[in-house]
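So the structure is just underneath, and the comments pick up after that.
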Amino acid sequence: MAYYTGFMIEKSLSMDNVFVIALIFTFFAILGLRALYFALYFALAAMIHRFKYLKYALALVLIFIGIKIFLVGFIGKFPPAISLAVTFGLIAGGVLVSMWKTRAQPAALEAA
């Protein structure tokens with residue numbers, strides 16, 4: 001009887017932990033955006049000479065996330081669609097500016 005009682009208590013405590021983790025992840029919905037940020041950062045890090053202006057866009061994404069965290073207490077959670085649109089817009093803008101500003105550099109690098 002003591003074994004089964006301990007087993008049931010352990011199972012219920014493990015489910016309690018899953019519930020608490022789910023609540024934490026639900027509150028911090030920005031974790032998905034941060035994972036996207038890191039995935040894009042490392043994917044583009046190999047081509048840093050071509051995307052040297054992208055770091056400013058990624059910095060703006062982090063600033064946007066910080067502002068969202070700060071404002072959650074005042075205005076509530078941002079809608080996920082707006083968050084994704086702003087994030088993708090900033091990253092796409094950084095990629096486009098980087099490609100436009102560095103479009104003539106490959107020829108200059110070959111000549112050097």
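Everything quoted here is computed from the prediction, not taken from an experiment.
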message: For Y53 and Y56, take the angle between the two ring planes, folded into 0 to 90°, and tell me which bin it lands in: parallel under 30, tilted 30 to 60, perpendicular over 60.
response: tilted
Non-hydrogen atoms of A57 and G94 that approach each other most closely: CB-CA, 3.6 Å
message: As an exercise, state the distance from OG1 of T87 to CG of L58, rounded to the nearest 0.5 Å.
response: 10.5 Å
- prompt: Among all residues two or more places apart in sequence or in another chain, which pass the ring pair (Phe, Tyr, Trp, His ring centres under 6.0 Å) test with F74?
  reply: F70
message: Measuring from atom CG of L96 to atom CG of L54, what distance do you get when rounded to the nearest 0.5 angstrom?
response: 10.5 Å
